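Data block below; observations after.
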Amino acid sequence: MKEIVILGAGYAGLSALHVLQKSSADIHITLVDRNDYHYESTALHEVAAGTQSGEKISYPIMDVVNPKKTTFLQKTVEKINADEQSVLLTDGQSLNYDYLIVGLGFQSETFGIPGADVNALEMVDVKTAAKVYEHIEAQLKEYKTSKDEASLRIVVCGAGFTGIELVGSLVENTKHFAEIAGVKPEQIEIYNVEAADKILPMFSDKLGQYAINHFKKWGVKLMTGKMIKEVRPNEVVYQNGKDGDLESLHAKTIIWTTGVSGNKIVGESGFEERRGRVMVKPNLTDPTYDNVYILGDVAAVMDPASNRPYPTTAQIALKMGHYAGKDILNQMSGKASTPFSFKSLGSVASIGNTHALGLVGKAEMTAYPASVMKKVIADRSLLKTGGLKEVFAKGRFDFYH
Ligand SMILES: Cc1cc2nc3c(=O)[nH]c(=O)nc-3n(C[C@H](O)[C@H](O)[C@H](O)COP(=O)(O)OP(=O)(O)OC[C@H]3O[C@@H](n4cnc5c(N)ncnc54)[C@H](O)[C@@H]3O)c2cc1C
């Protein structure tokens, strides 16, 4: 019997699990995750803004585990020793494997900007996202006694996909924030600070403009061309333009969304990586270790069309997991691998629950159709990791608004 260890019950890990659990091959699977629940990372901004609960975007991992085939361990991975074909967990337990699937996901990237790691809040899993909301709530309550306007100010650092989605959800919850602080909604100030001159670099200017127009309408203070130089306690220091002076913004809530890298465990385990991502072979295995599949946000896969790695998304992570499950079964039965291929179905960024923008196939979409598409995409991902049960329990069906 072959032992297959899957690290991480995210999009990639669970997608691989489904393929392997369905097979009649002589295998045993050990699935490891630090949590006993799977969460939809794509909805973390909603938990951070308080428009969605952590429970709504997660479900128990045991719901998708077949105990006859799989042992689930709620434990934390410390290190992989690929030479010895073993994984060390933080409690000292060691797991041996014949095949390993690494799907340990992303972590926040601060690009060495001083103070960003300690003075800004991150949003990388359900716990950190929930902490962001608790923090906002605490500042708003504090305002009632302090009357310090910095308590009403929220700064989102970064205007990429995640930053824009977060701003959208924060705007959506402004009325609730105002009620907590006992002020008018206009008094809640949401800033979005970005080094580049444009927002949402992955989309066309036309789509970016859709978000900008709505932000203007909603009173969001969008500050592009402001390179953040330092984050101090309750203060974001930025350069005003390329050669401009240093200026600063005082706010009691500062949220960091400027980018992500792959899980640091990959580098710490000695895999050749860049920003926590391994440039994998065409069958998604590590260049040195044929029995180690590296998937999702810890992998870099070249897009032959752009000659750059594909953006790391849930969509590609799901595909990779499915492919890796099948490829392991092929390897075991002596069949040759066919290279992994990927065709993006497009991507849609939400700005609040009822507005969105993005690409579906090659077609650009905004407003209501894009918002519906965003929910359909989320339900489709949920179907792939959790099956119909989780779609009925946690899916998005509020299409009419
Ligand atoms: C706010 C936000 C919005 C996004 N929106 C979209 C979108 O609209 N569309 C899209 O396609 N992508 C989106 N993404 C990107 C997408 O979420 C990621 O690309 C995707 O989650 C990667 O999947 P994964 O399987 O590699 O890792 P993850 O889904 O992050 O799973 C990693 C798993 O590993 C576990 N883990 C981590 N470290 C350890 C450890 N040491 N020990 C044990 N377990 C561990 C975690 O608990 C987690 O379960 C968004 C991301 C964010 C943050």
Side-chain angles (χ1 to χ4, degrees), residues 5-17 31-49 52 57-59 61 72-80 87-91 95 101-109 122-129 132 156 158 160-169 202 255-257 259-266 268-269 276-277 294-299 310-321 324 342 344-350 356-359 370 373-378 380-381 384-385:
V5 172
I6 303 178
L7 306 180
Y11 294 96
L14 289 190
S15 176
L17 178 78
L31 173 67
V32 186
D33 200 286
R34 60 187 167 197
N35 301 310
D36 61 359
Y37 55 84
H38 163 88
Y39 55 93
E40 296 173 83
S41 310
T42 55
L44 287 173
H45 56 286
E46 296 177 333
V47 176
Q52 205 71 262
I57 69 152
S58 49
Y59 59 82
I61 290 171
F72 170 60
L73 300 177
Q74 187 193 348
K75 296 198 178 194
T76 302
V77 177
E78 183 159 319
K79 207 171 172 183
I80 301 159
V87 175
L88 179 66
L89 306 178
T90 51
D91 65 357
L95 304 172
I101 290 178
V102 186
L104 289 169
F106 62 92
Q107 61 185 47
S108 191
E109 175 65 83
E122 60 172 9
M123 189 184 66
V124 291
D125 54 25
V126 174
K127 281 183 200 138
T128 49
V132 171
V156 175
F161 202 102
T162 306
I164 293 297
E165 289 205 312
L166 176 61
V167 170
S169 293
M202 67 294 289
I255 313 164
W256 196 255
T257 69
V260 292
S261 54
N263 196 313
K264 67 178 183 340
I265 288 175
V266 170
E268 288 170 359
S269 299
R277 296 193 181 114
I294 303 194
L295 312 179
D297 281 16
V298 285
Y310 287 107
T312 51
T313 61
Q315 194 187 132
I316 195 168
L318 285 165
K319 278 257 173 192
M320 287 173 146
F342 177 66
S344 172
L345 302 172
S347 67
V348 180
S350 61
L357 59 106
L359 280 174
M373 192 49 74
K374 179 80 184 172
K375 289 168 191 171
V376 171
I377 293 170
R380 193 171 169 272
S381 295
K384 295 211 171 216
T385 64

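As the structure is a prediction and not an experimental result, all values here were calculated from the model. Atoms within each ligand, like the ligands themselves, are counted from 1 in listed order.
- Closest heavy-atom contact between V77 and V87: CG1-CG1, 3.9 Å.
- Numbered from 1 in the order shown, with element, the atoms of ligand 1 that lie under 4.0 Å from a heavy atom of G103 read 32 (C), 33 (C), 34 (O).
- Here the heavy atom of the protein found nearest to atom 19 (O) of ligand 1 is D297 OD1, 2.8 Å.
- Those atoms of ligand 1 that come under 4.0 Å of a heavy atom in I265, given as number and element, are 41 (N).
- In terms of N/O distances under 3.5 Å, ligand 1 is approached by A12.
- The protein atom (non-hydrogen) at minimum distance from atom 11 (O) of ligand 1 is A314 N, 2.9 Å.
- Among all non-hydrogen protein atoms, the one lying nearest atom 27 (O) of ligand 1 is G105 CA, 3.3 Å.
- What sits closest to atom 9 (N) of ligand 1 on the protein, heavy atoms only, is T42 CG2, 3.9 Å.
- Nearest non-hydrogen protein atom to atom 31 (O) of ligand 1 is G10 CA, 3.2 Å.
- Looking from atom 44 (N) of ligand 1 to the surrounding protein, the closest heavy atom is R34 N, 3.1 Å.
- Note: no N/O pair closer than 3.5 Å links V32 and ligand 1 by distance alone.
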Would L44 and V124 count as a side chain to side chain contact (heavy atoms under 4.5 Å, CB included) here? Give the steps.
CA-CA 7 Å; L44 287 173; V124 291; 5.6 Å; no
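- The protein atom (non-hydrogen) at minimum distance from atom 40 (C) of ligand 1 is V77 N, 3.7 Å.
- The shortest contact between atom 39 (C) of ligand 1 and any protein heavy atom is with L104 CD2, 3.6 Å.
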Evaluate E78 against T90 for side chain to side chain donor-acceptor pair (under 3.5 Å), listing each step before the verdict. CA-CA 5 Å; E78 183 159 319; T90 51; 5.3 Å; no
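- Residue A9 approaches ligand 1 through these ligand atoms, each under 4.0 Å from one of its heavy atoms: 49 (O).
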